[in-house]
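Here is the structure we will look at, set down as structure tokens.
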Amino acid sequence: MKLAPTKPVLMAALLCCSILLSGFQGSDKGWIRLFNGKNLDGWIAKINHHDVGVNFGNTFRAEDGIIKVRYDQYDDFNNQFGHLYFKQPFSHYHLKMEYRFVGELQKGAPSYTIRNSGVMLHALDPRTMLRDQDWPISVEMQFLGGLGDGKPRPTGNMCSPGTEIMYEGKVYPGHCLNSTSKTYEGDQWVRAEVIVLGDSLITHIINGDTVLRYSKPHIGGGVANGFDPRLKIDGKPLREGYIGLQSEGQPVDFRNIELMELPGGKNK
């Protein structure tokens, strides 16, 4: 039996619709630039097998108004999955950015990471991550690029390291959930947006089209490894958290990273 949406989720959906209809996407009013286009001031790197704050191999770099993820100073990838976090958490917000895939997969990176990256949402404080923790406990808006084989590969999907979500009235049993987006081939820029309403509703938008909605993000499930077990409190709602750009072996660029805080949160 499919469960009916709860009243808070319905209210969140109405708020989300009003946000989309209000023209936020086309207005500069209220937007905060998270990336200044010049350097990584205000961002925190955390790469697996390294302490927080160590940007191993200059993985994350600011060049030409872009945050670039590169591996030219690596040898073997060695599961050095990394993330670059903005310095403060948010709860209710509208985030937008552009991304593109470039270059070739780094030697030793898993094959599933070809043209694969993303942005982590509601992540726990990166300063609580252990040295050998691979993924943050978070919800990911996953970015995928086409592989040139004619097969569909949607982007703007959801993945859940150390977390779970509600989808269509029940806990989603898988790790990743595909969106309804089309496949984007080559090195083209793709515009990604996400509207996060605390632990109520999360909406993914690709090039202006709503491609996925889900609700009730909370700690649970598997996939994340090496975390402090005291922090993985299964069932705990994720009402706020940090935003992190992903590095998992595929060179990728990010630009025009902006955020608008929305009513209902206690953003700092």
Side-chain angles (χ1 to χ4, degrees), residues 35 40 43 45-50 54-64 66-85 97-121 123 126 129 131-136 138-162 174-179 181-192 204 206-207 211 222-226 243-255 257:
F35 171 50
L40 299 182
W43 293 82
K46 176 62 182 82
I47 298 172
N48 189 26
H49 304 322
H50 303 277
V54 175
N55 186 14
F56 171 78
N58 197 25
T59 302
F60 301 102
R61 57 192 74 169
E63 297 175 352
D64 307 318
I66 296 169
I67 292 180
K68 298 181 178 181
V69 178
R70 298 292 187 270
Y71 307 97
D72 52 289
Q73 297 179 32
Y74 282 54
D75 184 13
D76 192 82
F77 185 65
N78 191 31
N79 289 329
Q80 291 174 109
F81 302 107
H83 299 83
L84 184 69
Y85 299 90
M97 67 181 70
E98 293 173 288
Y99 73 89
R100 69 177 177 186
F101 295 111
V102 297
E104 302 297 326
L105 187 69
Q106 174 62 21
K107 180 181 69 173
S111 60
Y112 68 83
T113 64
I114 295 174
R115 293 191 168 261
N116 185 340
S117 188
V119 57
M120 317 311 279
L121 314 169
M129 292 181 68
R131 194 174 194 273
D132 295 320
Q133 182 173 342
D134 52 5
W135 308 104
S138 59
V139 177
E140 177 189 354
M141 182 181 186
Q142 182 194 53
F143 303 147
L144 296 179
L147 300 179
D149 56 6
K151 297 179 181 179
R153 201 172 190 234
T155 190
N157 310 312
M158 185 287 308
C159 294
S160 54
H175 170 54
C176 291
L177 172 63
N178 281 348
S179 80
S181 89
K182 72 175 192 177
T183 301
Y184 293 88
E185 301 280 358
D187 296 352
Q188 63 181 301
W189 287 103
V190 178
R191 189 173 76 253
H204 294 188
I206 296 292
N207 281 347
V211 297
V223 179
N225 299 288
I243 294 166
L245 306 177
Q246 191 174 76
S247 159
E248 53 182 8
Q250 169 67 52
V252 60
D253 294 336
F254 300 96
R255 71 179 183 186
I257 306 167

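Index from 1, following the sequence.
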Under 3.5 Å, sequence neighbours excluded: what are the donor-acceptor pairs made by side chains of residues 243-251?
| from | atom 1 | to | atom 2 | distance (Å) |
| --- | --- | --- | --- | --- |
| Ser247 | OG | Tyr71 | OH | 2.8 |
| Gln250 | OE1 | Arg115 | N | 3.0 |
| Gln250 | NE2 | Val102 | O | 2.9 |

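A search for side-chain hydrogen bond (donor to acceptor under 3.5 Å, both in side chains) contacts involving Asn207 returns Tyr184, not counting sequence neighbours. Judged as a side chain to side chain contact (heavy atoms under 4.5 Å, CB included), and not counting sequence neighbours, the contacts of Ala45 are Asn55, Phe60, Leu84. Every residue was checked against the salt bridge (Lys or Arg N to Asp or Glu O under 4.0 Å) condition with Asp149, not counting sequence neighbours, and none meets it. Evaluation of the salt bridge (Lys or Arg N to Asp or Glu O under 4.0 Å) rule for Asp134 yields no partner, not counting sequence neighbours. Listed by chain and residue number, Phe101, Phe143 satisfy the ring pair (Phe, Tyr, Trp, His ring centres under 6.0 Å) test with Tyr99 (two or more places apart in sequence, or in another chain). Asp76 pairs by the salt bridge (Lys or Arg N to Asp or Glu O under 4.0 Å) definition with nothing, not counting sequence neighbours. Checked against side chain to side chain contact (heavy atoms under 4.5 Å, CB included), Asn178 has the following partners two or more places apart in sequence or in another chain: Pro154, Asn157. Applying the side-chain hydrogen bond (donor to acceptor under 3.5 Å, both in side chains) rule to Asp132 yields the partners His49; only residues at least two apart in sequence or on another chain are considered. Under the side-chain hydrogen bond (donor to acceptor under 3.5 Å, both in side chains) criterion, Gln80 pairs with His50, sequence neighbours left out. A search for salt bridge (Lys or Arg N to Asp or Glu O under 4.0 Å) contacts involving Arg100 returns Asp253, not counting sequence neighbours.
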Quiz item: Passes side-chain contact (heavy atoms from CB on, under 4.5 Å), Arg255 versus Glu98? Steps please.
Solution: CA-CA 5 Å; Arg255 71 179 183 186; Glu98 293 173 288; 3.1 Å; yes
From CA spacing to verdict: side-chain contact (heavy atoms from CB on, under 4.5 Å), Asn58, Arg70:
CA-CA 8 Å; Asn58 197 25; Arg70 298 292 187 270; over 6 Å; no
Problem - From CA spacing to verdict: side-chain contact (heavy atoms from CB on, under 4.5 Å), Ile67, Leu40 - result: CA-CA 8 Å; Ile67 292 180; Leu40 299 182; 4.0 Å; yes
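Put simply, the side chain of Thr59 never gets that close to the backbone of Val69: no donor and acceptor are under 3.5 Å apart. In this structure, the side chain of Lys68 does not engage the main chain of Phe254 through any donor-acceptor pair within 3.5 Å.
How far CG of Leu144 is from CD1 of Ile114: 11.5 Å, rounded to the nearest 0.5 Å. To the nearest 0.5 Å, atom NZ of residue Lys182 and atom CD of residue Glu185 are 10.5 Å apart. Between Asn116 atom CG and Gln142 atom CD the span is 4.5 Å, to the nearest 0.5 Å.
Among all heavy-atom pairs drawn from Ala224 and Pro161, the shortest one is CB-C, 4.1 Å. Minimum heavy-atom separation, Gln73 to Arg61: NE2-NH2, 4.1 Å. Val223 approaches Trp135 most closely through the heavy-atom pair O-CD1, 3.8 Å. Ala192 and Ile206 get closest at one heavy-atom pair: CB-CD1, 4.0 Å. Closest of all the heavy-atom pairs between His204 and Gly156 is ND1-O, 2.8 Å.
Residue pairs that meet the side-chain hydrogen bond (donor to acceptor under 3.5 Å, both in side chains) test with at least one member in residues 101-113, sequence neighbours left out, are Asp75-Lys107.
Applying side chain to side chain contact (heavy atoms under 4.5 Å, CB included) to Met120 and the options Pro136, Pro126, Cys159 leaves one that passes, Pro136.
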